[in-house]
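Treat the numbers as computed from the prediction; the structure is a model and nothing was measured.
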Amino acid sequence: MRKIRAGSLLFLLLFPAFLFAEIQSSLAEFEARIPKISSQIPQIIKSAEFAAGCVLKKPDTLINVPYNEQKSFSEEMINRAGGLSNIYPSESPDRVRFVTDHDIVLYSVRSWETDAETAIKRLNEYKGKNWKVILIASKKGMPSKLKYDFFIDNGAPSGKAIYGRINILANITIGWMWCCEYVSAMTRKGKIPGILISISLEESTEHNKKIQTPEGRLWIGDCPEKIPAGKLANIYLERVKKLVFDLKSEKIQKQIDYASDIIASRMAEGKRVGISGVGHVIIDEVKRDLKAPWIGFQAVGQVGRRRNAFSKYLQPGDLLVWIAYIGLNSKYVDFGRYIKEANLELITCFAPDLDDPSVNETGIAHIDQCWAKGDAEVPLPCHPWKMAPVSGINSGLILRMLDDSVSKKLKKIKNQVKRDTQVSVTQ
């Protein structure tokens, strides 16, 4: 057998990377935030330990994630597989009567350029109620008049709005690391808070309904094993690194490349391309900070007997990019039915259900998500045994990566058409 030279072997190992050397800017920007997020673990631990201590001392303490001014962050933190039952918007009708003068607020800022005025107003209100505020935002560009108790830096290069689409994903990463350290802080006192289980698992119905009532969200149980500070946050961040690695893979890059070719061609022809999804982060993000001329809209809660959001925003024959969860549909809604009723062409993106392949219906192109059924990723020493998903970050990154690729290809097509037109006129 002939020996392979070291240089040749290195080439073979790196060859897939050469095929897609230019990774989408959004993925590169997100990856560049990871060291800064890692450096914030001491602050994450400190603020989470404080919050856990407050809740153990006064068990009626609520952890508030305001909804209207941070919709994507709040959506991702509430009612999630592996998420804390006590994290919920305090303005919710079934929550507001439980508000105390010693509650805790997790507040995430998308960008200072767009949200500084609202943040100053809201944080003043919260401090006026004597609530403790944990602020997740960028240090750079931060206004001087903010009131908070703990600050965690998302590492944005500045407070400019252009960083908002990556800031939200960095904020969510920090949010899940904070939840992990909140749980580990409780275990060091022999306790564990209510943690939700994915609706894709059979045991979720019975488990979740007990801790999703207004009173049940405050449930605290026993956990005999103490988790060291920082352990769970580091496990979660390593899982996020693995997600980035997977999204750089030849498999995912080829899928995005193929899908973006189709989408850019349609857009270049002046055709309509919609983008929507089912999940948490994706609901609002499909309408924000997009580079390409998508028709972004919310379908969740907007389809049913008398309405069809797909028909409202798109016309028969239009292309829809559908970023879902596990399979094409949710546990509660047959979105595929309404997509077919609207007579749309379809590009899909979801994690497959290996237990029921019939739900894994794809379109003319498909992009895989890089996580498995059950969703929660970080191991725990007691029930429910896992917490903290990466699925929301995954869907958010896919959205941004696809938008990058489509925008770039669309610009290339338009430039080529312009050059061809100039050549034709010259001749």
Exercise for the section: Compare all side-chain heavy atoms of Leu247 with those of Met401 and state whether any distance is below 4.5 angstrom. Expected result: yes

* To do: Keeping the roles fixed (side chain from Ser265, backbone from Asp261), state whether a donor-acceptor pair exists under 3.5 Å.
  => yes

d(Asn86 CG, Phe98 CZ) to nearest 0.5 Å is 11.5 Å

So ring-ring contact (aromatic ring centres under 6.0 Å, His included) across residues 321-341, not counting sequence neighbours, yields Phe310-Trp322, Trp322-Phe335, Tyr325-Trp371

Short N-O contact, Arg80 and Asp375, less than 4.0 angstrom
yes

ask   = Looking at Asp404 and Arg400, does any basic side-chain N land under 4.0 Å from a carboxylate oxygen?
value = no

| task | Report yes or no: does Gln40 contribute a side-chain atom to a donor-acceptor pair with the main-chain N or O of Ile152 at less than 3.5 Å? | result | no

key: Min side-chain heavy-atom separation Leu397-Leu27 under 4.5 Å   = yes

So salt bridge (Lys or Arg N to Asp or Glu O under 4.0 Å) across residues 325-336, not counting sequence neighbours, yields none

Interatomic distance, OH@Tyr182 vs CD1@Ile192, rounded to 0.5 Å, equals 11.0 Å

- Query: Does some side-chain heavy atom of Ser407 sit less than 4.5 Å from a side-chain heavy atom of Leu410?
  - Reply: no

inquiry  = Less than 3.5 Å apart, any donor N or O on the side chain of Glu125 or Trp131 sitting next to an acceptor on the other?
reply    = no

* To do: Give a yes or no on whether the backbone of Pro384 and the side-chain of His207 come within a donor-acceptor separation of less than 3.5 Å.
  => no

key: Test item: Asp149 side-chain N/O and Val133 main-chain N/O as donor-acceptor pair under 3.5 Å   = yes

query: Could you walk me through whether Tyr163 and Glu113 pass the side chain to side chain donor-acceptor pair (under 3.5 Å) check?
result: CA-CA 10 Å; Tyr163 298 111; Glu113 186 175 2; over 6 Å; no

Contacts satisfying salt bridge (Lys or Arg N to Asp or Glu O under 4.0 Å) that involve residues 294-318 (not counting sequence neighbours) are Arg272-Asp318

Here the gap from Asn329 atom CG to Ile339 atom CD1, rounded to the nearest 0.5 Å, amounts to 7.5 Å

CD1 of Ile174 to CG of Leu169, rounded to nearest 0.5 Å, is 11.5 Å

By side chain to side chain donor-acceptor pair (under 3.5 Å), Ser74 pairs with (sequence neighbours left out) none

Give a yes or no on this: more than 12 heavy atoms of other residues, nucleotides or ligands lie within 6.0 Å of atom NZ of Lys291. yes

Heavy-atom donor-acceptor pair, Tyr236 side chain to Pro389 backbone, under 3.5 Å: yes

Contacts of Thr100 meeting side chain to side chain donor-acceptor pair (under 3.5 Å) (sequence neighbours excluded), chain-then-number -> His102, Asp103

By side chain to side chain donor-acceptor pair (under 3.5 Å), Ser405 pairs with (sequence neighbours left out) Gln24

| query | With a 4.0 Å cut-off, would you call Asp101 and Lys129 a salt bridge? | reply | no

Here the salt bridge (Lys or Arg N to Asp or Glu O under 4.0 Å) pairs for residues 175-185, sequence neighbours left out, are none

Counting only heavy atoms not in Glu215, do more than 12 sit closer than 6.0 Å to its CD atom? yes

Answer yes or no: does atom NZ of Lys386 have more than 12 heavy-atom neighbours from other residues, nucleotides or ligands under 6.0 Å? no

CG of Leu402 to CD1 of Ile347, rounded to nearest 0.5 Å, is 7.5 Å

Residue set satisfying salt bridge (charged side-chain N to carboxylate O under 4.0 Å, His left out) with Lys231, at least two apart, ordered chain then number -> none

| request: Indicate whether any N or O donor in one side chain lies under 3.5 Å from an N or O acceptor in the other, for Ser85 and Trp219. | output: no

Side chain to side chain donor-acceptor pair (under 3.5 Å) with Ser108: of Asn154, Asn171, Asn167, only one passes, and it is Asn171

Output for pair (His280 NE2, Ile283 CD1), nearest 0.5 Å, gives 7.0 Å

Sorted by chain and number, sequence neighbours left out, salt bridge (charged side-chain N to carboxylate O under 4.0 Å, His left out) with Arg239 holds for Glu377

request  = Decide, yes or no, whether a salt bridge links Arg266 with Glu345 under the criterion of side-chain N to carboxylate O below 4.0 Å.
outcome  = yes

Residues passing the side chain to side chain donor-acceptor pair (under 3.5 Å) test with Trp294, sequence neighbours excluded, are Asp403

Taken in chain and number order and not counting sequence neighbours, the residues that satisfy disulfide (SG to SG under 2.5 Å) with Cys382 are Cys223

request  = For Arg288 and Asp284, run salt bridge (charged side-chain N to carboxylate O under 4.0 Å, His left out): C-alpha distance rounded to whole Å, both residues' side-chain angles, the deciding distance at 0.1 Å, then the answer.
outcome  = CA-CA 7 Å; Arg288 301 184 62 132; Asp284 192 55; 3.6 Å; yes

Verify salt bridge (charged side-chain N to carboxylate O under 4.0 Å, His left out) between Glu285 and Lys71, making sure each step is shown before the conclusion. CA-CA 9 Å; Glu285 287 303 297; Lys71 186 172 182 179; over 6 Å; no

Query - Side-chain donor/acceptor of Asp115 to backbone N/O of Thr118, under 3.5 Å - result: no

(Q) Does this structure show an ion pair linking Glu91 with Arg95, if we count only N-O contacts that are shorter than 4.0 Å? (A) no

Distance under 6.0 Å and angle within 45° of the ring axis: does Lys139 meet both against Phe151?
-> yes

Checklist line | Derivation and outcome, salt bridge (charged side-chain N to carboxylate O under 4.0 Å, His left out), residues Asp257 and Lys409 | finding: CA-CA 10 Å; Asp257 188 53; Lys409 289 181 178 183; 2.6 Å; yes

Enclosure of Lys140 NZ (heavy-atom neighbours >12, cutoff 6.0 Å)
no

Do Ser184 and Thr187 have side-chain N/O donor and acceptor atoms under 3.5 Å apart?
no

Q: Before accepting this row, confirm whether a basic side-chain N of the pair Glu238/Lys241 lies closer than 4.0 Å to the acidic partner's carboxylate O.
A: yes

Q) Taking the side chain from Gln315 and the backbone from Ser311, do they hold a donor-acceptor pair closer than 3.5 Å? A) no

Quick check on Glu117: does its CD atom have over 12 non-hydrogen neighbours (other residues, nucleotides or ligands) under 6.0 Å away? no

If only atom types and distance count, is the side chain of Asn394 paired as donor or acceptor with the main-chain N or O of Val390 below 3.5 Å? no

More than 12 non-hydrogen atoms from neighbouring residues, nucleotides or ligands closer than 6.0 Å to NZ on Lys408, yes or no?
no

Sorted by chain and number, sequence neighbours left out, salt bridge (charged side-chain N to carboxylate O under 4.0 Å, His left out) with Lys209 holds for Glu206

| query | Does any N or O in the side chain of Asn360 come within less than 3.5 Å of the main-chain N or O of Asp353, such that one atom is a donor and the other an acceptor? | reply | yes

Establish, yes or no, whether the cationic atom of Arg122 lies under 6.0 Å from the six-membered ring centre of Tyr107 and within 45° of the ring axis. no

Report task. Report yes if the side chains of Trp176 and Met77 come closer than 4.5 Å at any heavy-atom pair, otherwise no. Result -> yes

